Undergrad: 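Structure provided below as structure tokens; questions to follow.
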Amino acid sequence: MTRNHSAQRDVPEKSFATRDAQSADAAELCAIYGFHVVDGAGTFEEVAPATDEFRRRMENVQARGLPWRVAEAGGSIIGYCYASPYHARSAYKFTVQTSVYVDRNWQHRGVGLALLNEVVTACKQLGYCQIMAAVGDSHNESALKLHARAGFRTIGYAMRAGVKFGRWTDVVYLQRFLGDFTDPPPANDPVGYISSSDQTGP
């Protein structure tokens, strides 16, 4: 996950703009993600995907009607955030998972928070009730602070779940409710939910 900081308050208003991602953005988005794959423990992916594979992932999210937002400054993309299905099994249909990554030169400047807040709002409008996030590396304090500022709360840890850069790495799980905790499940499926034909799992 991306690293952010409260220094956002020092950034002039409108220093960047946000919009929906487009297929043509794939190369720039892939480059941002590739840096985090190679240099960070926020993602447990160890080999950066090719642009075509990244575009396939993006189009799969957008085909469901789920949000994928990007931030731009000076004609270049500087960060992105999206929501994806949390689990294929139908009982999880009201829950999504978010991911957010920011260009190395734009970290700690409010980009990640702006994007995450927009995706959270969009998910609520689409009929989702819960958002999960999995932050790689429990030492990634900036990412944890970012999610806390966006209304997420830490709900648990998977200790020493992965190995990256030759060391054990934890996963921190966070959750945000998008409504009243006492509300019953909605009567209608959320936008983007696709019933799985095989929910048995391994």
Side-chain angles (χ1 to χ4, degrees), residues 1-6 8 33 36-37 39-46 57 60-61 64 66-69 79-102 107-108 110-186 189-190 192-194 196 198-202:
M1 314 300 283
T2 187
R3 303 175 177 88
N4 284 268
H5 189 265
S6 59
Q8 177 221 1
Y33 181 63
H36 288 274
V37 170
D39 193 65
T43 172
F44 279 12
E45 198 160 2
E46 295 185 285
R57 298 179 189 184
N60 181 53
V61 167
R64 295 171 176 268
L66 293 171
W68 191 308
R69 299 286 290 171
Y80 67 93
C81 181
Y82 65 92
S84 56
Y86 178 63
H87 201 294
R89 293 179 180 173
S90 58
Y92 294 96
K93 63 185 176 182
F94 293 109
T95 303
V96 290
Q97 180 168 318
T98 54
S99 300
V100 55
Y101 295 94
V102 175
Q107 294 174 4
H108 314 305
V111 177
L113 182 61
L115 290 168
L116 185 55
N117 281 337
E118 290 184 9
V119 168
V120 166
T121 297
C123 289
K124 185 172 183 178
Q125 293 171 345
L126 292 172
Y128 291 93
C129 300
Q130 309 283 350
I131 298 182
M132 306 295 293
V135 173
D137 193 352
S138 57
H139 298 293
N140 192 350
E141 294 183 2
S142 294
L144 297 175
K145 289 178 180 178
L146 161 64
H147 284 82
R149 293 177 66 199
F152 288 72
R153 64 186 183 93
T154 299
I155 58 172
Y157 296 79
M159 308 299 293
R160 298 162 67 92
V163 177
K164 198 165 184 184
F165 309 128
R167 64 177 176 85
W168 290 109
T169 309
D170 305 329
V171 180
V172 183
Y173 294 102
L174 304 102
Q175 182 177 18
R176 170 160 176 178
F177 301 121
L178 296 181
D180 191 316
F181 186 70
T182 62
D183 288 343
D189 292 341
Y193 167 67
I194 300 174
S196 174
D198 178 9
Q199 299 181 31
T200 60

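These numbers come from a predicted model, not from an experiment. These numbers come from the heavy atoms of this one structure, side chains and all, not from hydrogens, waters or symmetry mates.
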Undergrad: For Ala150, does its backbone N or O pair with a side-chain atom of Arg176 as donor and acceptor, under 3.5 Å?
TA: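 The answer is yes, because a donor-acceptor pair under 3.5 Å joins these two groups.
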Undergrad: Roughly how far apart are Phe94 CZ and Cys123 SG, rounded to 0.5 Å?
TA: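 These two atoms lie 13.5 Å from each other.
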Undergrad: Run the side chain to side chain contact (heavy atoms under 4.5 Å, CB included) check on Gln97 and Ile131 step by step: do they pass?
TA: CA-CA 5 Å; Gln97 180 168 318; Ile131 298 182; over 6 Å; no
Undergrad: Which residue in the set Leu146, Val100, Val102 passes side-chain contact (heavy atoms from CB on, under 4.5 Å) when paired with Leu113?
TA: Leu146
Undergrad: Over 60° means perpendicular and under 30° means parallel, so tell me whether Phe152 and His147 are parallel, tilted or perpendicular.
TA: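 Phe152 vs His147 ring planes: perpendicular.
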Undergrad: Using only atom types and a distance under 3.5 Å, with no angle test, would you say the side chain of Thr43 pairs donor to acceptor with the backbone of Glu45?
TA: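 Indeed, once roles are kept as given, a pair shorter than 3.5 Å links the two residues.
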Undergrad: Going by heavy atoms in the side chains, are Ile194 and Arg64 under 4.5 Å from each other?
TA: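 Yes. Closest side-chain heavy atoms under 4.5 Å.
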Undergrad: With side chains defined as the heavy atoms from C-beta onward, is the minimum distance between Val163 and Thr169 less than 4.5 Å?
TA: no
Undergrad: Ignoring hydrogens, what is the shortest heavy-atom contact between Tyr173 and Ala158? Give both atom names and the distance.
TA: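 Closest heavy-atom pair between Tyr173 and Ala158: CE1-CB, 3.8 Å.
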Undergrad: Contact between Cys129 and Pro185 at the side-chain level, heavy atoms closer than 4.5 Å - yes or no?
TA: no
Undergrad: Is there a side chain to side chain contact (heavy atoms under 4.5 Å, CB included) between Leu178 and Val120 once you walk through the steps?
TA: CA-CA 8 Å; Leu178 296 181; Val120 166; 3.7 Å; yes
Undergrad: Is there a side-chain contact between Leu116 and Thr98 in this structure, where contact means two heavy atoms from C-beta onward sitting under 4.5 Å apart?
TA: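 Yes; the side chains approach each other to less than 4.5 Å.
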Undergrad: Assess whether side chain to side chain contact (heavy atoms under 4.5 Å, CB included) is satisfied between Ser142 and His108, documenting all intermediate values.
TA: CA-CA 8 Å; Ser142 294; His108 314 305; 3.8 Å; yes
Undergrad: Side chains of Tyr128 and Leu66: does their closest heavy-atom pair fall under 4.5 Å?
TA: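 Touching, per the 4.5 Å side-chain cut-off.
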Undergrad: Under 4.5 Å between any side-chain heavy atoms of Ser138 and Tyr157, yes or no?
TA: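 They are in contact (side-chain heavy atoms under 4.5 Å apart), so the answer is yes.
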Undergrad: Leu144 versus Val172: any side-chain heavy-atom pair under 4.5 Å?
TA: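 In contact.
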Undergrad: Which heavy atom of Val37 sits nearest to which heavy atom of Glu46, and what is that distance?
TA: CG1-C, 3.5 Å
Undergrad: Are the side chain of Lys93 and the backbone of Pro85 linked by a donor-acceptor contact shorter than 3.5 Å?
TA: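 Side chain of Lys93 to backbone of Pro85: no pair is present.
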Undergrad: Going through the checks in order, is the side chain to side chain contact (heavy atoms under 4.5 Å, CB included) test met by Tyr193 and Val96?
TA: CA-CA 10 Å; Tyr193 167 67; Val96 290; over 6 Å; no
Undergrad: Once you round to the nearest 0.5 Å, how far does OG of Ser99 lie from CG of Leu115?
TA: 12.5 Å
Undergrad: With the side chain counted from C-beta on, respond yes when Pro67 and Tyr82 share a heavy-atom pair under 4.5 Å apart, and no when they do not.
TA: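 Contact flag for Pro67/Tyr82 side chains = no.
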Undergrad: Can any side-chain N or O of Asp170 pair as donor or acceptor with the backbone N or O of Arg160 at less than 3.5 Å?
TA: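 Flag set: sc Asp170 to bb Arg160 pair under 3.5 Å.
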Undergrad: Do the rings of Tyr80 and Tyr101 sit parallel, tilted or perpendicular, given the 30° and 60° boundaries?
TA: tilted
Undergrad: Given 3.5 Å as the limit, does a donor-acceptor pair link the side chain of Lys124 with the main chain of Gln130, or not?
TA: no
